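Values reported hereafter were calculated over all heavy atoms of this structure, with side chains retained and with hydrogens, waters and symmetry mates removed. Predicted model, so just to flag it, every value in this text is computed and none were measured.
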Amino acid sequence: MKTTIGISKIIFLLIILQNFSARCAVPTDAVHYIEPGKVIVNDKPGLQVFCHRAKSKYLINIWKTITMNLNINLDTYDLYDGKTPQEVFEKHENNQRFWKFNFFGTKKHKLLKINPFETTCIGVYIHEYNGLRYTISMTQTRVDIGKVLMAVLGVILFWSAKRLSHNPLFYYLCGISLGVTASLLVLIYFASKLFPRGKFMYLMVATGWSMSFYLGQILWENAQLIVSQYREYVMWYILITSLISFLICYRFGPVTNKRTKQIIQWFLQGLGLLFIYSSSYFYEASFLNCVILVLIYNFPIATVYKGKQYWKKMFPERRKLLTDNEYRKEGIQETKKALKNLQQYCSSPECNPWKTVLKLKDPIRFAKFIEGDSHLSDKEMKEHDLEITRIVEEYEYTDDDDDY
């Protein structure tokens, strides 16, 4: 018994060592690092891995995208993706070790969008044949218009969700679109009735989802061909299903329940946030945009006020020093403004003039000030002018002494 256990442990260790050695065996000549603007030409069969190193994240590159362009005339090739060359080779080994039927291999992608902020590797596997040659290049878009439009659409959808949930026109448009789409399921149901019962039916049930996706992908890829060749049938189909959907929506009428409208609003707002989050590969910045949008929507005044305070704290305004002329002008303006406010206060019901008169030495002068006269007498104005003249003369005399 002990001998059997020991042999089993040895076999298990050998299997682990074999898998580890297989994983570590990554040929260096099959790994290529590519950057935007660079073109790599390959004529070697087998698995070739093309990697792009991650770039630093900056807010200026929030809508930056990178696309790998595979220029090849064949359709008999396999694509693998991963974070490292090792992961790509492991996926290739697993695919070669086990037999798999690919229902989604009707069309190979030749334009591969990758995340510019993560290290990404794409593996291209081609069997050996005469005249093997293909190129792979990389293009960089600093501002992807599609990503920007997706973000703008998300903001508009989030902000207009409440209005759309109460709009009957939006209700009818969604109902018609849903009706046209759901009518395809009815066609599939009636088409399933045409297939014979028995073993073939069990096979269709067993592979129903895979076959449905497979047929759906074929129809999607050949939609342009179908529309161009059977344009009249497609138009009549859309027209009839749209009319039936409109009549059904008209029969039940728009949504009137408040909670149902609230649920529709939440659904639209969640869809808008999903668009904003998916509009960039810089997911941290996208998530921050979603948080800011939610805060502004729910707390508009408080958010703006806090933002202004934070901005002033981070970037305080520089205090501007006044010149002598500006200082004198501001003093004259502020004095006139304060005297005018004092006159208005003394003339208002809030001020009790009799109590004020009892505290003053010259009530007549106070009454004249309230009526609009100057707060200075002629004697005080002359003394003020003499004092100003004396100060100016002393200042000029001091400057002359400094010159010597």
S.K.: Return the OG to CD distance between Ser160 and Gln269, rounded to the nearest 0.5 Å.
M.R.: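 Atom-to-atom, Ser160:OG and Gln269:CD are 10.0 Å apart.
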S.K.: Do Tyr125 and Tyr77 have side-chain heavy atoms sitting under 4.5 Å apart?
M.R.: no
S.K.: Got a second to check how far Met150's CE is from Trp63's CH2, nearest 0.5 Å?
M.R.: 12.5 Å
S.K.: What closest approach, in Å, do Thr335 and Gly331 show between heavy atoms, and which atom pair accounts for it?
M.R.: OG1-O, 2.6 Å
S.K.: Any side-chain heavy atom of Gln262 sitting closer than 4.5 Å to one from Gln265?
M.R.: yes
S.K.: Compare every heavy atom of Leu59 with every heavy atom of Ala285, then report the nearest pair and how far apart it is.
M.R.: CB-CD2, 3.9 Å
S.K.: Hey, could you give me the CD1/CZ distance between Ile60 and Arg142, rounded to the nearest 0.5 Å?
M.R.: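 Answer for the CD1-CZ pair, Ile60 versus Arg142, is 8.0 Å.
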S.K.: With the side chain counted from C-beta on, respond yes when Tyr33 and Thr119 share a heavy-atom pair under 4.5 Å apart, and no when they do not.
M.R.: no
S.K.: Looking at every heavy atom in both Phe170 and Leu164, which two are closest together, and how far apart are they?
M.R.: CD2-O, 3.3 Å
S.K.: Can you measure from NZ (Lys340) to NZ (Lys337) and round to the nearest 0.5 angstrom?
M.R.: 10.5 Å
S.K.: Could you label the plane-to-plane angle of the Tyr172 and Phe246 rings as parallel, tilted or perpendicular, counting under 30° as parallel and over 60° as perpendicular?
M.R.: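 Plane angle between 30° and 60°, so tilted.
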S.K.: Would you say the side chain of Leu295 lies within less than 4.5 Å of the side chain of Leu293, judging by non-hydrogen atoms?
M.R.: no
S.K.: Find out whether Leu273 and Val294 are in side-chain contact, i.e. whether some heavy atom of one side chain is under 4.5 Å from a heavy atom of the other.
M.R.: yes
S.K.: Where is the tightest heavy-atom contact between Ala161 and Leu268, given as atom of each residue plus distance?
M.R.: CB-CB, 3.7 Å
S.K.: Are more than 12 heavy atoms from other residues, nucleotides or ligands located less than 6.0 Å from atom NZ of Lys162?
M.R.: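 Not more than 12 within 6.0 Å, no.
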S.K.: Please determine whether a side-chain nitrogen of the Lys or Arg among Asp144 and Lys113 lies less than 4.0 Å from a carboxylate oxygen of the Asp or Glu.
M.R.: yes
S.K.: Measure the CD-CG distance between Glu284 and Asn289 for me, rounded to the nearest 0.5 Å.
M.R.: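 The distance works out to 11.5 Å.
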S.K.: Are Lys55 and Glu118 close enough, and set up right, to give a salt bridge (charged side-chain N to carboxylate O under 4.0 Å, His left out), and what steps lead you there?
M.R.: CA-CA 7 Å; Lys55 302 299 181 182; Glu118 292 182 357; over 6 Å; no
S.K.: Just wondering, do Ser280 and Lys147 contact through their side chains at under 4.5 Å, heavy atoms?
M.R.: no
S.K.: Distance alone, cut at 3.5 Å: any donor-acceptor contact between the side chains of Tyr281 and Ser286?
M.R.: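 The answer is no; no qualifying pair exists.
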S.K.: Restricting to non-hydrogen atoms, name the atom on Leu157 and the atom on Gly272 that form the minimum distance, rounded to 0.1 Å.
M.R.: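 Answer, listing the atom of Leu157 first, then Gly272: CD2-N, 3.8 Å.
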S.K.: Does Lys329 come within less than 4.0 Å of Glu334, counting only side-chain N to carboxylate O?
M.R.: no
S.K.: Distance from Asn69 atom CG to Ile136 atom CD1, nearest 0.5 Å?
M.R.: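 These two atoms lie 8.0 Å from each other.
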S.K.: Looking at side-chain heavy atoms only, is the closest gap between Met68 and Ile34 below 4.5 Å?
M.R.: yes
S.K.: How are the rings of Tyr80 and His92 set relative to one another: parallel (under 30°), tilted (30 to 60°) or perpendicular (over 60°)?
M.R.: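 Because their plane-to-plane angle is over 60°, the rings of Tyr80 and His92 count as perpendicular.
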S.K.: Are there over 12 heavy-atom neighbours, none belonging to Leu247, within less than 6.0 Å of that residue's CG?
M.R.: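 For Leu247, atom CG is crowded (more than 12 foreign heavy atoms under 6.0 Å).
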S.K.: Specify whether Trp159 and Tyr297 have parallel, tilted or perpendicular ring planes, treating 30° as the upper limit for parallel and 60° as the lower limit for perpendicular.
M.R.: perpendicular
S.K.: Here's a test for you: under side chain to side chain donor-acceptor pair (under 3.5 Å), which of Asn71, Asn42, Asn73 qualifies with Tyr134?
M.R.: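 That would be Asn42.
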S.K.: Does NZ or CZ of Lys261 come closer than 6.0 Å to the centre of the six-membered ring of Tyr171, within 45° of the ring's axis?
M.R.: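 Because its charged atom misses either the 6.0 Å distance or the 45° angle limit, Lys261 does not stack over Tyr171.
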S.K.: Which atom pair, heavy atoms only, marks the closest approach of Val180 to Ser245?
M.R.: N-OG, 4.0 Å
